[in-house]
Amino acid sequence: MRLVLIGPPGAGKGTQAEFISARYHIPAISTGVLFREHVATGTNLGQAAHRYMEAGELVPDEVTIEMVSERLDEKDAANGFLLDGFPRTVPQAEVLDEQLTLRGVKLDVVVQLEVATDEVIRRISGRRICHGCGRVWHVDFNPTKVDGVCDKCGGELFQREDDQPATVRNRLEVFFEQTAPLIDFYGAQGKLVTVDAMGPVDEITTRLLTALAERA
Ligand code: ADP
Ligand code: AMP
């Protein structure tokens with residue numbers, strides 16, 4: 001299974017990616033997570049990406065494409081993968097198609113998570129991430145047992161710097177301007193499946209896995 005999850009920031013892509021990854025035994029590759037790791041370890045790529053991320057802008061396509069291409073060459077992605085947060089522009093999608101063709105494979109399905117904008121704002125404003133294991137929590141919708149401490153690994157939780165309201169507004173604009181055109185792009189390829197991503201996490205997981213099973 002080779003699939004892409006598309007949706008606005010805060011739609012629940014990372015949350016659902018975990019379940020799809022477990023069900024299909026494929027790595028969930030999030031460009032946001034990869035960029036944050038580069039920033040945290042201070043690599044050249046991280047230094048180049050950071051100013052775009054903190055402003056809620058997209059990192060330039062060349063930088064992003066090279067990082068994803070290297071990741072797709074790793075062994076665990078040979079038999080399938082889930083991409084979360086990539087592609088995010090039509091040029092990224094075109095290069096992805098070219099690169100997969102060179103590898104003799106293709107995308108099976110692109111899932112669009114559809115969520116109301118006021119709901120993504122609620123989800124983003126309460127999002128907290130574990131420093132230790134990277135797990136994503138929410139202060140109201142998916143709280144930890146002890147405030148600020150990860151249930152899974154005991155790590156400390158933090159709020160992403162780009163989850164502040166001013167940056168979130170820009171990220172949503174960027175999504176509608178630069179990423180939403182991918183819906184038509186993949187619709188024209190006959191690969192698009194739209195899933196209603198409003199409601200509880202487990203109900204959305206069921207809808208997603210059912211939609212994927214119908215395509216497989
Ligand atoms: P994305 O990867 O699309 O940016 P996340 O998976 O990080 O989104 O989810 C954003 C926030 O919303 C997180 O705090 C997560 O715990 C929470 N969340 C995810 N799915 C739901 C849901 N169905 N209902 C309520 N909160 C959710
Ligand atoms: P995310 O974790 O998906 O919300 O991504 C966080 C930030 O990383 C984005 O706001 C961008 O600055 C950057 N980023 C992630 N994926 C991409 C991408 N495909 N293209 C360009 N920038 C990206």
Side-chain angles (χ1 to χ4, degrees), residues 4-21 28-40 45-46 48-69 71 82-96 111-130 134-144 150-152 157-164 167-175 177-179 182 195-208:
V4 166
L5 278 187
I6 293 185
K13 300 182 296 296
T15 301
Q16 297 298 335
E18 201 178 309
F19 299 110
I20 299 173
S21 164
I29 300 172
S30 156
T31 41
V33 168
L34 292 176
F35 278 131
R36 282 188 289 282
E37 283 170 2
H38 277 282
V39 170
L45 195 152
H50 188 219
R51 67 190 171 97
Y52 298 99
M53 297 169 74
E54 64 181 354
E57 297 289 340
L58 295 185
V59 177
D61 283 346
E62 318 80 73
V63 178
T64 307
I65 287 165
E66 195 184 334
M67 179 179 76
V68 173
S69 177
R71 180 63 187 87
L82 177 158
L83 289 172
D84 158 7
F86 182 92
R88 236 158 157 128
T89 63
V90 170
Q92 288 181 11
E94 288 168 344
V95 176
L96 177 64
V111 182
Q112 175 199 6
L113 294 183
E114 214 171 33
V115 199
T117 301
D118 56 351
E119 174 66 9
V120 296
I121 290 170
R122 275 194 291 276
R123 290 184 189 177
I124 293 178
S125 56
R127 170 159 58 191
R128 299 291 183 270
I129 300 178
C130 174
R135 197 173 198 294
V136 177
W137 300 93
H138 191 285
V139 289
D140 299 315
F141 305 143
N142 186 17
T144 50
C150 180
D151 284 2
K152 199 171 143 194
L157 304 190
F158 70 99
Q159 183 171 29
R160 276 169 51 175
E161 60 176 350
D162 61 347
D163 277 352
Q164 303 299 329
T167 317
V168 168
R169 273 196 299 279
N170 194 34
R171 287 165 62 206
L172 285 169
E173 271 174 31
V174 166
F175 172 78
E177 279 169 19
Q178 301 193 51
T179 307
L182 290 179
V195 170
D196 175 7
M198 296 289 282
V201 170
D202 56 345
E203 283 181 20
I204 298 163
T205 307
T206 305
R207 273 178 227 146
L208 261 167

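Whatever order the structure lists them in is the order used to number ligands and atoms, beginning at 1. None of the values given here were measured: they were computed from a predicted structure.
- Formation of a donor-acceptor pair under 3.5 Å by the Arg207 side chain with backbone atoms of Asp196 is found in this model.
- Looking only at distances, a side-chain donor or acceptor of Thr179 sits under 3.5 Å from a matching main-chain atom of Arg88.
- Each of the following atoms of ligand 1 lies closer than 4.0 Å to a heavy atom of Phe141: 25 (C), 26 (N).
- Of all atoms in ligand 1, numbered sequentially from 1 with element shown, those under 4.0 Å from a heavy atom of Val201 are 20 (N), 21 (C), 22 (C), 23 (N).
- When non-hydrogen atoms are compared, ligand 2 lies under 4.0 Å from the side chain of Gln92 (C-beta onward) but not from its backbone.
- At the top of the distance list for atom 15 (C) of ligand 2, counting protein heavy atoms only, stands Arg88 NH1, 3.4 Å.
- Taking the side-chain contact (heavy atoms from CB on, under 4.5 Å) definition, one finds that Glu18 meets it with Arg135, sequence neighbours left out.
- At a heavy-atom distance under 4.0 Å, atoms from both the backbone and the side chain of Leu58 approach ligand 2.
- Proximity of Gly10 to ligand 1 is established by a heavy-atom distance of less than 4.0 Å.
- Protein heavy atom in closest approach to atom 2 (O) of ligand 1: Gly14 N, 2.8 Å.
- The shortest heavy-atom distance from Gly85 to ligand 1 is not under 4.0 Å.
- In terms of protein heavy atoms, atom 16 (N) of ligand 2 is closest to Thr31 OG1, 2.7 Å.
- Between Ser30 and ligand 2, not a single N/O pair is under 3.5 Å apart.
- Among protein heavy atoms, the minimum distance from atom 2 (O) of ligand 2 is reached at Arg36 NH1, 2.9 Å.
- The contact set between ligand 1 and Thr15, taken as ligand atoms under 4.0 Å from a residue heavy atom, comprises 5 (P), 6 (O), 9 (O), 15 (C), 19 (C).
- Counting heavy atoms from C-beta outward, Val168 and Pro9 have side chains that stay 4.5 Å or more apart.
- Looking at ligand 2, you won't find any N or O of Val33 less than 3.5 Å from one of its N or O atoms.
- By the criterion of a heavy-atom distance under 4.0 Å, neither the backbone nor the side chain of Gln178 is placed next to ligand 2.
- Residue Gly85 places at least one N or O, backbone or side chain, under 3.5 Å from an N or O of ligand 2.
- Judged by distance alone, with hydrogens and angles left aside, the side-chain atoms of Lys13 form no donor-acceptor pair with the main-chain N or O of Gly85 at under 3.5 Å.
- Closest protein heavy atom to atom 23 (C) of ligand 2: Phe35 CE1, 3.7 Å.
- The protein non-hydrogen atom at the shortest distance from atom 6 (C) of ligand 2 is Arg160 NH2, 3.5 Å.
- Among all non-hydrogen protein atoms, the one lying nearest atom 12 (O) of ligand 2 is Glu57 O, 2.6 Å.
- For Glu57 against Val174, the heavy-atom pair with the smallest separation is OE1-CG2, 4.1 Å.
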